[in-house]
Colleague: 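Pasting a structure here, questions to come.
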There are 2 protein chains.
Amino acid sequence: MTANLAIDLDRSSPVPLYFQVAEQIAEAIRRGDLVPGSRLDNEILLADKLGLSRPTIRQAIQYLVDKGLLVRKRGVGTQVVHGQVKRSVELTSLYDDLRRSGQEPATQVLALEPRPVSEEIAAVLGVEPGAEVLYLERLRFAAGEPLAVLHNWLPLGLAQLTAADLEGRGLYELLRGAGVRMRVANQRIGARAANQAEAKLLDERRGAPLLTMLRTTYDDQGRAVEHGSHVYRASLYSLEVTLIER
Amino acid sequence: MTANLAIDLDRSSPVPLYFQVAEQIAEAIRRGDLVPGSRLDNEILLADKLGLSRPTIRQAIQYLVDKGLLVRKRGVGTQVVHGQVKRSVELTSLYDDLRRSGQEPATQVLALEPRPVSEEIAAVLGVEPGAEVLYLERLRFAAGEPLAVLHNWLPLGLAQLTAADLEGRGLYELLRGAGVRMRVANQRIGARAANQAEAKLLDERRGAPLLTMLRTTYDDQGRAVEHGSHVYRASLYSLEVTLIER
DNA sequence: TCGCGAGATTTGTCAGGACATTCTGACCTG
DNA sequence: CAGGTCAGAATGTCCTGACAAATCTCGCGA
């Protein structure tokens, strides 16, 4: 059963046509106009209906396949994925995640200063050992409860960060606003027991389980732009990751 | 400085040309023939050199950009990324990961039997509540130490699994061997304290921090093929995830 | 009735061309 | 000397056209 979806195209818009198509198909899926399992029209028919060429339609569909919303099979067709697969993980910060889920994040800046780096951090950031980098320590709250202690190291000169900025917005948002284009992040996720200091900050008992995350983020050019070492209260937070095999 | 790389094409091979090109560029990067930061020839020149069309070259390059090996910038060119970005995460099981890092995994099967599902599991697997599914419980060792307790639920009829199979190989490998094509996995990673039973199995104290993972894996068609609830000894294991923004 | 093969359907791969957009760097101007 | 402007170079988008490969369906024959 091929669903009949209406797609408006604006050829005068700077938004690429394939992207307009992809967005509107995705929206139809979110709205429920395209139910899981339903088949899309075939590429040639779709192209014909919209007055576009097949490569453009293919590009739109490929984009959605990469995001995990659609499945293609040769000789069969293109179908909407069953099950509510969540959006693929993006390079977002905890702050963005919390705000999106309506949890009213708040931040207390505990430290914000240039500081000479340890050898280990220098290695991951790719700077000279002993050079100064911006050290940042924050306590993050959600819904009034302490949620995480965040430690970050950033190369100097990337962005002018003030404590006021950091209390109102997330680090990633600020970096993006400063023109930093983050592209790849490597995360190591583990767990351990809280030590005394952490327990006090997070309002937990010593020994309480914490989720830990080490993350290094690289930009466009593969230069490290941020390294973070964070601990989360396991009782209040968990991470979600979606993997898509191509 | 545009590196001079030799690429052989086999037009009689069933392997797509774009893939042949991509593989050989990736190999040149791994070998070090293409050093980080070096620019590739532009697309038109490359296409000309190899006797291919520009779309084919673009497809090859796009493939490597998606894998995080190359970076493209309009008006500038295509460069090899700086820094050693790890391979993107794949749909592998703990067993594969361990064997790849040479840790000699071993498995003890604690349970393997059809069992009626709870309402919750039925919902994530997309089967009727109360229907029978294959229940699987395993204790995984690495280097002689207990490492994780693995619980899995699988729809019946996917594969004929025996305890002997499961002791010698990983679940994912067995499923793949049975023709199951896994494509998307959704993971939720958290942490909590070990209870008495877990502590005993894993040779830890009660209350020791454990890394927890809930995973649901879907196939080609978006049908759930596996749901797992696993706990790992945080002192011995952590998860690594690489994110690439497109 | 059941199995198998031919044909139809659909996506996968590849070619070649055209124009738009963006970035860099050199040049010109005040 | 500083700043803006413009040309060149590279990727981004979009088009048309063609054939290959995988899959499903239906009809035919045993």
Side-chain angles (χ1 to χ4, degrees), chain A residues 1-3 7 9-23 25 37-66 69-81 179 181 183 219-221 246, chain B residues 1-3 7 9-23 25 37-66 69-81 179 181 183 219-221 246:
Chain A
M1 224 49 51
T2 77
I7 292 182
L9 294 177
D10 177 1
R11 294 192 95 101
S12 67
S13 157
V15 177
L17 291 172
Y18 83 90
F19 195 77
Q20 294 184 34
V21 174
E23 285 288 285
I25 293 176
S38 64
R39 279 229 315 283
L40 258 63
D41 285 336
N42 73 56
E43 298 174 349
I44 299 180
L45 183 59
L46 256 179
D48 216 40
K49 273 189 187 171
L50 299 178
L52 297 171
S53 70
R54 191 174 156 219
T56 304
I57 295 294
R58 272 186 72 75
Q59 198 175 358
I61 292 176
Q62 186 60 47
Y63 177 81
L64 296 175
V65 169
D66 287 347
L69 267 67
L70 297 177
V71 176
R72 292 210 267 208
K73 279 206 290 192
R74 188 189 293 204
V76 180
T78 306
Q79 288 178 286
V80 179
V81 170
R181 291 188 293 190
R183 201 162 166 288
D219 72 0
D220 257 326
Q221 319 261 337
R246 234 188 306 277
Chain B
M1 224 47 54
T2 79
I7 292 182
L9 294 177
D10 177 1
R11 297 192 91 103
S12 68
S13 158
V15 177
L17 292 172
Y18 83 90
F19 195 77
Q20 294 185 33
V21 173
E23 284 288 283
I25 293 176
S38 64
R39 279 227 316 282
L40 257 63
D41 286 336
N42 73 57
E43 298 174 350
I44 299 180
L45 184 58
L46 256 179
D48 216 41
K49 274 189 186 171
L50 299 178
L52 297 172
S53 69
R54 189 173 160 223
T56 304
I57 295 295
R58 273 185 73 74
Q59 198 174 359
I61 292 176
Q62 187 59 48
Y63 177 81
L64 296 175
V65 169
D66 286 347
L69 267 67
L70 297 177
V71 176
R72 292 211 266 208
K73 281 203 285 194
R74 188 190 293 208
V76 180
T78 306
Q79 289 178 290
V80 180
V81 295
R181 292 187 292 189
R183 199 164 166 285
D219 72 358
D220 257 325
Q221 318 261 337
R246 232 187 308 277

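Values below: every heavy atom of this structure, side chains too, minus hydrogens, waters and symmetry copies. For clarity, every value in this text was computed on a predicted model and none was experimentally measured. Naming convention: chains lettered A, B, ... in sequence-line order (proteins, then strands); numbering from 1 in each chain.
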Colleague: How close or far is atom P of C:dA8 from atom CG of A:Leu45, stated in whole angstroms?
Modeller: 19 Å
Colleague: What is the separation between atom CD on B:Gln20 and atom P on C:dC14, rounded to the nearest whole Å?
Modeller: 8 Å
Colleague: If you only use heavy atoms from C-beta on, which nucleotide in D:dC24, D:dA10, D:dC15 is closest to the side chain of A:Ser53?
Modeller: D:dC15
Colleague: Which nucleotide, D:dC14, C:dG12, D:dA10, lies nearest any side-chain atom of A:Glu43?
Modeller: C:dG12
Colleague: Describe the nucleic acid contact of A:Pro16 in one word from base, sugar-phosphate, nothing, applying a heavy-atom distance below 4.0 Å.
Modeller: sugar-phosphate
Colleague: Nearest-nucleotide wise, let me know which of A:Gly75 and A:Pro55 is further upstream toward the 5' end of DNA chain D.
Modeller: A:Pro55
Colleague: Would you say A:Thr56 places a side-chain N or O within less than 4.0 Å of OP1 or OP2 belonging to D:dT13?
Modeller: no
Colleague: Take the protein atom CD1 of B:Ile57 and the nucleotide atom P of C:dG17, then report the distance between them rounded to whole Å.
Modeller: 15 Å
Colleague: From the set D:dT11, C:dA15, C:dT11, return the single nucleotide nearest to any side-chain atom of A:Arg74.
Modeller: C:dT11
Colleague: Closest heavy-atom contact between A:Ala60 and A:Tyr18?
Modeller: CB-O, 3.3 Å
Colleague: How many whole angstroms separate atom CZ of B:Arg58 from atom C1' of D:dT11?
Modeller: 6 Å
Colleague: So, is A:Tyr18 close to the D:dC14 phosphate, meaning a side-chain N or O under 4.0 Å from OP1 or OP2?
Modeller: no
Colleague: For a quick test of reading the model, state the closest non-hydrogen atom pair linking B:Glu43 to B:Ile61 and the distance between them.
Modeller: CG-CD1, 4.1 Å
Colleague: Could you tell me whether the phosphate oxygens of C:dG12, OP1 or OP2, come under 4.0 Å of any side-chain nitrogen or oxygen in A:Arg72?
Modeller: yes
Colleague: Write down the distance between CG (B:Leu70) and C1' (D:dA10), rounded to a whole number of angstrom.
Modeller: 15 Å
Colleague: What closest approach, in Å, do B:Leu9 and B:Gln20 show between heavy atoms, and which atom pair accounts for it?
Modeller: CA-OE1, 3.5 Å
Colleague: Which is more 5' along DNA chain C, the nucleotide nearest B:Arg54 or the one nearest A:Pro14? Just name the residue.
Modeller: B:Arg54
Colleague: Atom CG of A:Asn42 to atom P of D:dC24: distance rounded to whole Å?
Modeller: 16 Å
Colleague: Using every non-hydrogen atom in the two residues, find where B:Arg72 and B:Val65 come nearest and quote the distance to one decimal.
Modeller: CG-CG2, 3.7 Å
Colleague: In whole Å, what is the span from the CD1 atom of A:Ile44 to the C1' atom of D:dA20?
Modeller: 13 Å
Colleague: Check the phosphate of C:dA15 against B:Arg11, side-chain N and O only, distance under 4.0 Å to OP1 or OP2. Yes or no?
Modeller: yes
Colleague: Send over the distance from B:Lys73 NZ to D:dG12 P, rounded to a whole Å.
Modeller: 12 Å
Colleague: Can you tell me if B:Thr78 touches the phosphate of D:dT11, counting only side-chain N or O atoms and a distance under 4.0 Å to OP1 or OP2?
Modeller: yes
Colleague: What pair of heavy atoms forms the shortest contact from A:Asn42 to A:Leu45, and how long is it?
Modeller: OD1-N, 2.9 Å
